[in-house]
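One structure is given below, encoded as structure tokens.
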Amino acid sequence: MSQTMEFKTEVSKLLDIVIHSLYSNKDIFLRELISNASDAVDKIRYEGLLDQSKYENDTDWKIKLTPNKSAGTLTVSDNGIGMDYDEVINTLGTIANSGTKEFMKMLEEKNAKDAVELIGQFGVGFYSAFMVADKVTVITRKAGQEKGVKWESQAAGTFEIGEAVRANRGTDIILHLKEDDKKYLDEWTLRDLVSKYSDYIEHPVVMDIERPKKDEEGKPSEEKEIKEEVLNSRKAIWLRNKSEITEEEYNDFYKHITHDYSDPLKTIHFKVEGTHEFAGLLYIPKMKPFDIIYKEYKSGPMLYVKRVQIMEHCEELFPPYLRFVKGVVESNDLPLNISREILQNNKLIEVMRKNITKRVLDALSDMKNKEYDLYVSFYKEFGRILKEGLHFEYDKKENIADLVLAESTATEDGKYTTFAEYISRMKEGQNDIYYILSASRAEAMASPYMEGLTNKGYEVLILTDDIDDIVISALNEYKGKQFKSVVKGDMNLTDEEKAAKEKKTEELSSILGFIKEQLKDKVADVRLSSRLTDSPVCLVRGETDFDPHIEQIMKAMGQAYMAAKRTMEINAEHPLFIKLNEVFNADKENPVLKEYVDLLYDEALILEGAKPVDAGLFAKRVASLMIKGLE
């Protein structure tokens with residue numbers, strides 16, 4: 001008895017996207033279905049390690065293609081884990097529901113979560129079948145269960161589900177091909193597709209082939225016979241020699257493991273021999289996944305041990321700042337039953353991690369030096385993530401710093417420089433690398449904090465990522481040069497300037513003391529500025545305080561922080577301050593002095609991107625000044 005059910009989550013609309021937009025090449029459907037079947041076999045191989053009864057005396061792993069020209073169907077079968085009734089509904093009734101979550105939940109209940117994470121992209125890939133089929137039938141039986149399940153849909157918003165009989169564990173996916181897609185019933189078309197897209201699949205992809213039977217002399221006779229032939233070489237691509245692999249094969253394998261539909265930006269293929277032997281095939285994508293910024297994002301390569309996939313995401317093999325790298329790593333020295341606890345204390349894993357990290361950073365360095373435009377495109381996507389390593393990976397800080405790009409006052413809009421290039425342009429006697437944090441280049445260039453430096457020809461790095469304050473503070477210095485924020489600390493560029501400022505400070509000590517007293521509850525100190533040339537005033541942070549740009553981000557995120565009192569810096573050459581000092585020397589009790597000092601403080605707040613203490617009062621004071629000016 002079967003029943004009709006509706007797809008979840010607007011599947012009809014999503015199916016339309018998958019069928020008509022997501023896959024530009026129809027041939028890919030077979031790759032996806034074979035990949036899913038391979039995943040199902042991987043799962044039963046692992047489950048059998050825990051409970052051998054689930055093997056049901058069938059360990060002849062295979063994926064079988066059965067074209068039926070008279071019926072117009074192509075069947076993709078496997079003897080993998082199979083699905084029960086609820087799994088069919090949850091997995092096939094929802095677009096992009098991989099089934100892996102359910103599988104992982106089952107492992108957690110067995111306290112075996114740390115033992116394995118297996119591939120399970122059984123969502124969008126499955127629905128690619130509807131590109132070539134107007135109806136898809138799935139017959140499946142879960143390992144260890146008696147009853148099977150039949151699922152059927154024409155992708156019209158509903159599906160039918162009911163009981164079925166399947167003698168063996170596993171799944172049959174039967175595609176009722178569209179008239180225009182009957183070419184996928186041809187033996188040589190199927191051979192070509194398997195060779196092109198699934199040659200590296202570990203399990204044999206087989207098909208019954210009819211050929212003339214040979215007589216005793218080995219000559220073809222009129223009698224026919226059917227033999228099951230293996231269509232794929234089954235040699236893992238990462239274990240093959242580089243010279244044997246074409247760029248197209250590398251790209252196809254990347255698409256197979258990532259379900260990305262564009263080619264990778266960079267391929268890193270290596271084999272390590274010696275005391276420890278392991279191999280890897282890693283990829284740097286062109287674009288970052290939308291969910292890479294979330295805590296739930298799963299990183300790390302697939303881990304194989306002795307050709308058995310043990311984990312889908314082995315996070316211990318990559319530092320977090322390389323989480324954008326995809327790929328496969330295989331070792332014959334690790335035990336098959338390795339757990340996450342063992343991984344964290346395994347010396348071989350540490351050796352592998354260091355080796356892999358070095359290879360990725362070397363590949364990025366090579367790209368930067370030899371394919372700069374390609375590297376820029378990488379950096380625009382992943383630069384923010386890469387920079388996390390400046391904070392978390394002490395031993396690699398300088399290697400990562402060599403890879404950092406930034407705009408500066410010496411570059412054109414949208415162009416980048418490196419820290420090494422900045423140092424090569426530093427002025428004689430300059431010991432600091434000056435930088436400013438900002439939301440954009442335009443905002444940075446308009447900042448009053450830049451005035452003194454740019455007017456004197458000093459280059460300033462413009463850093464626009466939200467984590468730059470943290471990572472630059474962690475880096476602290478590069479090639480012996482200290483990083484110096486233009487909004488923090490004092491800015492004495494030369495000994496001559498320092499002496500001149502001290503002399504001027506002594507001359508203006510009375511007015512500076514008056515301002516400091518007036519603002520004693522708001523600022524930590526009042527001093528003359530070496531950084532201002534056009535603006536009258538600004539607020540300066542301590543060397544260890546948050547940058548104002550970071551404070552704004554934290555406020556927007558609702559995060560609590562303790563705002564430190566700033567130091568007010570005065571431009572002694574500005575006409576406004578000169579006039580204010582004249583009024584002060586003429587009449588120290590003039591009530592307008594206190595009002596103007598408060599206005600100066602509000603102006604400083606605005607210049608750093610904050611709001612006046614009392615916006616209404618500030619507006620009234622400005623209006624009053626405007627009236628006086630008009631009179």
Please set out all donor-acceptor pairs under 3.5 angstrom arising from side-chain atoms of residues 72-83, sequence neighbours excluded.
unit_1, atom_1, unit_2, atom_2, d
S77, OG, D172, OD1, 2.6
D78, OD1, G80, N, 2.8
N79, OD1, K62, N, 3.2
N79, ND2, D58, OD1, 3.3
N79, ND2, D58, OD2, 3.3
N79, ND2, D60, O, 3.0

Under a 4.0 Å threshold between the charged nitrogen and the carboxylate oxygen, would [Y] count as salt-bridged to [X]?
X	Y	answer
D263	K255	yes
K224	E210	no
K135	E160	no

Just wondering, do [Y] and [X] contact through their side chains at under 4.5 Å, heavy atoms?
X	Y	result
E56	R141	yes
N346	E316	no
E388	I467	yes
N36	T171	no
Y254	T267	no
I257	F253	yes
I209	K227	no
I161	Q3	yes

Is the backbone N or O of [Y] less than 3.5 Å from a side-chain atom of [X], with the two atoms forming a donor-acceptor pair by type?
X	Y	result
K183	T189	no
N355	V351	no
D333	E277	yes
K266	L282	no
E315	K298	no
Y375	L403	yes
S35	R31	no
R169	Y55	yes
R323	P320	yes
R353	F318	yes

Non-hydrogen atoms of [X] and [Y] that approach each other most closely:
X	Y	value
E202	R234	O-NE, 3.0 Å
P285	L265	O-CB, 3.6 Å
K150	T137	CE-CG2, 3.7 Å

Say whether H203 and N232, considering side chains only, have a donor N or O and an acceptor N or O under 3.5 Å apart.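 Absent: no donor and acceptor within the cut-off.
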
Report yes or no: do S243 and N241 form a side-chain donor-acceptor pair below 3.5 Å?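 No, because no side-chain N or O of S243 sits under 3.5 Å from a partner of the opposite role on N241.
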
Atom OG of S377 and atom CD of E371: how far apart are they, to the nearest 0.5 Å?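 The OG atom of S377 sits 9.5 Å away from the CD atom of E371.
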
Derivation and outcome, salt bridge (charged side-chain N to carboxylate O under 4.0 Å, His left out), residues E187 and R191: CA-CA 6 Å; E187 174 194 336; R191 282 181 178 275; 2.9 Å; yes

Kindly assign one of parallel, tilted or perpendicular to the pair F278 and F270, based on the angle between their ring planes and the thresholds 30° and 60°.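 Ring orientation, 0 to 90° scale: perpendicular.
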
Describe, in one word, how the ring planes of Y283 and Y250 are oriented to each other, choosing from parallel (under 30°), tilted (30 to 60°) and perpendicular (over 60°).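 Perpendicular.
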
Within the supplied structure, the quantity of interest is the number of heavy atoms (other residues, nucleotides, ligands) at a distance under 6.0 Å from E179 CD; does it exceed 12?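 Open.
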
Enclosure of K368 NZ (heavy-atom neighbours >12, cutoff 6.0 Å):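 Atom NZ in K368 is packed in, count exceeds 12.
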
Mind checking side-chain hydrogen bond (donor to acceptor under 3.5 Å, both in side chains) for K142 and listing every partner two or more places apart, or none if nothing turns up?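 Per chain and number, K142 pairs via side-chain hydrogen bond (donor to acceptor under 3.5 Å, both in side chains) with E87.
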
side-chain hydrogen bond (donor to acceptor under 3.5 Å, both in side chains) involving S195 - partner list, sequence neighbours excluded: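 Counting only residues at least two positions away or on another chain, S195 forms no side-chain hydrogen bond (donor to acceptor under 3.5 Å, both in side chains).
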
Test log, rule side-chain contact (heavy atoms from CB on, under 4.5 Å), inputs D252 and I237: CA-CA 11 Å; D252 285 338; I237 188 172; over 6 Å; no

Go through the steps to decide whether I292 and F324 satisfy the test side-chain contact (heavy atoms from CB on, under 4.5 Å), and finish with yes or no. CA-CA 8 Å; I292 197 169; F324 51 83; 3.9 Å; yes

